[in-house]
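Structure, as structure tokens:
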Amino acid sequence: MVIKAQRGTKDVFGDEIKTWQKIEKNAREVFSKACFEEIKTPVFEATELFSRGVGESSDIVNKEMYTFYPKFDSKETITLRPENTAGVVRAYIEHNMTRQSPPQKFFYFGPMFRYERPQAGRQRQFYQVGIEMFGIKEASADAEVILAAVEFLKSLNLNNLKVEINSLGCPKCKDDYRASIKEVLKPYLNELCDECKVRYIKNPLRILDCKNENCKKILESKEIKEVIYKDYICNECKEHFDALKKYLDELNINYCINKLLVRGLDYYSRTVFEIKSDALGSQNAICGGGRYDGLVEMLGGNPTPAVGFAMGVERLYSIIKKEQPSKIDYFIVSNNTKEALKLAQKLRQKGKIVDFDYQNRKFAKQFEKAAKVAKNAIVLGEDEINQEYYSIKDLNSGLQTRVNSIDDLI
RNA sequence: GCGGGUAUCGUCAAGUGGUUAAGACCUCGGAUUGUGGUUCCGAUAUGCGUGGGUUCGAGUCCCACUACCCGCCCCA
């Protein structure tokens with residue numbers, strides 16, 4: 001029986017790897033320029049971190065986590081991280097970073113795990129790249145984070161994606177809003193879909209982005225719309241949101257306000273945002289994030305405002321222009337593998353990308369290979385070795401020249 | 001967790017119950033023993049996702065399972 005990759009996982013190599021490397025490289029460059037530092041946290045954590053951090057009402061915690069006893073006699077379970085904000089916050093608290101002068105700015109890149117039914121743009125092991133920024137309650141931090149996301153996407157030539165923003169308000173606004181939504185939906189309770197009936201009790205805000213046609217229609221009714229679109233958030237939250245909008249205007253970042261944008265993780269407060277692509281089918285969000293001012297405290301740290309986002313790398317990959325495989329600098333054509341190996345060593349030490357034939361095959365075969373993979377062929381046969389020169393052939397033009405030392409090659 | 005579709009070489013595929021499972025690309029070898037990208041010749045699935053069944057005979061029909069894809073849900 002052949003062992004195959006687990007359902008919802010995949011190998012990345014060959015044609016795909018160049019583009020993946022570009023995504024990772026650009027993330028490092030763009031985020032470092034904005035003074036975000038990379039942080040690597042473990043892929044597994046105590047289960048409680050996620051149930052407390054991500055939230056008991058979220059689907060992620062309820063049914064999608066890889067949770068297990070690390071040993072058969074272990075007392076506590078561990079969980080493969082389904083997202084990375086909770087882990088970064090844990091590290092932030094554990095290393096007392098709250099005592100450093102704010103802000104603390106991090107980015108990460110790594111695999112996440114969710115036990116879901118695989119589909120286009122959705123896998124069980126998937127990569128996220130994201131940033132987290134701690135210690136700043138002002139909207140300038142929200143703007144900085146959204147700016148970083150947009151600049152990163154720009155670096156990948158993804159310029160025309162939709163940025164949607166909304167403000168959920170502070171916990172108090174959220175409670176008031178939740179109450180008034182419940183109030184106005186009460187008469188319609190029986191008409192909502194089964195899922196939404198559950199949501200009505202556990203997390204009524206999520207009814208707002210239900211895809212069920214009937215539920216959508218109910219939300220269209222006048223008195224409900226009034227509740228949704230009235231500014232329910234308090235003055236302070238409103239000022240915060242207005243400030244963010246102003247910053248985004250100044251930065252020339254196109255955005256639209258989506259009052260229905262709620263997001264499924266419990267820890268968000270005030271600003272939430274998503275960046276979407278039309279080219280992606282039903283899993284159309286490539287970036288999701290927002291402010292989570294209460295999370296650090298909820299996980300046992302000092303009260304610390306924070307804001308961040310995560311992007312799905314596989315989703316980025318699927319809409320990005322693919323990198324062409326590039327040709328190597330030199331392919332050494334030789335019937336003397338020892339000399340070829342020595343020349344390869346020298347050229348590589350000079351920073352060149354070099355390969356050769358390891359089997360002493362006929363020159364015709366070696367040139368065939370060289371033409372496929374390299375810009376230039378270096379001929380290193382008996383004549384060259386005996387008379388101490390190199391023949392170099394430009395495989396594009398077919399011109400062959402002689403040089404006496406490898407320094408002339410470079 | 002629910003609904004729909006698909007499964008033949010490394011890749012793309014033909015095949016509609018009857019010998020030995022087309023073809024193309026890739027790979028490898030030869031024509032061409034030190035010069036490639038063109039051309040020509042040749043090689044490569046005891047096998048059709050897995051396991052059963054129907055039949056004289058199954059890639060083709062039936063059943064089950066598995067995987068992948070698509071939608072719902074959820075989310076990045």
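As the structure is a prediction and not an experimental result, all values here were calculated from the model. Per chain, numbering begins at 1; letters A, B, ... match sequence-line order.
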Taking [M] as the reference, what is the distance to [N] when you measure between their [atom1] atoms (whole Å, please)?
N	M	atom1	value
B:U54	B:C63	P	15 Å
B:G4	B:C40	P	50 Å
B:A14	B:U60	C1'	13 Å
B:U8	B:G23	C1'	13 Å
B:A13	B:A22	C1'	10 Å
B:G17	B:A64	C1'	22 Å
B:G3	B:C65	P	12 Å
B:C48	B:U38	P	35 Å

Looking across every strand, which nucleic acid part, if any, lies under 4.0 Å from A:Val313 by heavy atom: base, sugar-phosphate, or nothing?
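Nothing: the residue A:Val313, judged by heavy atoms under 4.0 Å, touches no strand.
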Using a heavy-atom cut-off of 4.0 Å across all strands, would you classify A:Gln400 as base, sugar-phosphate, or nothing?
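Since a base atom lies under 4.0 Å of A:Gln400, the category is base.
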On RNA chain B, compare the nucleotides closest to A:Leu380 and A:Glu116; which residue's is nearer the 5' end?
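It is A:Leu380 whose nearest nucleotide is closer to the 5' end.
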Pick the closest RNA chain B nucleotide for A:Tyr115 and for A:Ile275 by heavy atoms, then say which residue is nearer the 5' end.
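Result of the comparison: A:Tyr115.
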Presence of [X] side-chain N/O under 4.0 Å of [N] phosphate oxygens OP1/OP2:
X	N	value
A:Lys362	B:G30	yes
A:Arg7	B:C68	yes
A:Lys10	B:C69	no
A:Gln366	B:G34	no
A:Arg361	B:U33	no

Any pair with a residue in residues 362-377 of chain A that passes side chain to side chain donor-acceptor pair (under 3.5 Å), sequence neighbours left out, goes on the list, sorted by first then second residue, please.
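Residue pairs with at least one partner in residues 362-377 of chain A: A:Asp329-A:Lys375.
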Quick one: OH on A:Tyr268 to CG on A:Asp293, what's the gap to the nearest 0.5 Å?
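It is 12.5 Å, given to the nearest 0.5 Å.
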Using whole Å, report how far [atom1] of [X] lies from [atom2] of [N].
X	N	atom1	atom2	answer
A:Lys327	B:G37	NZ	P	13 Å
A:Arg114	B:G1	CZ	P	18 Å
A:Asn396	B:U35	CG	P	21 Å
A:Ile332	B:G34	CD1	P	18 Å

Could a donor-acceptor pair under 3.5 angstrom be found where the side chain of [X] meets the base of [N]?
X	N	value
A:Glu384	B:G34	yes
A:Arg117	B:C69	no
A:Lys393	B:U35	yes

Hunt down the Watson-Crick or G-U wobble partner of B:A7, both distances under 3.5 Å, from any strand shown, or write none.
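Across any shown strand, B:A7 pairs with B:U66.
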Does any nucleotide pair with B:A58 by Watson-Crick or G-U wobble geometry, both distances under 3.5 Å, and what is it?
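None - no nucleotide pairs with B:A58, as no candidate has both distances under 3.5 Å.
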Check: A:Phe273 and A:Tyr255 side chains under 4.5 Å, non-hydrogen atoms
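With C-beta onward as the side chain, the pair stays apart.
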Is A:Phe367 stacked on the base of B:U35, with ring centres under 5.5 Å apart and planes under 30° apart?
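Stacked: centres under 5.5 Å apart, planes under 30°.
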With a 4.0 Å heavy-atom cut-off, tell me which residues in residues 369-376 of chain A come close to RNA chain B, sorted by residue number.
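Under 4.0 Å from RNA chain B: A:Ala371, A:Lys372.
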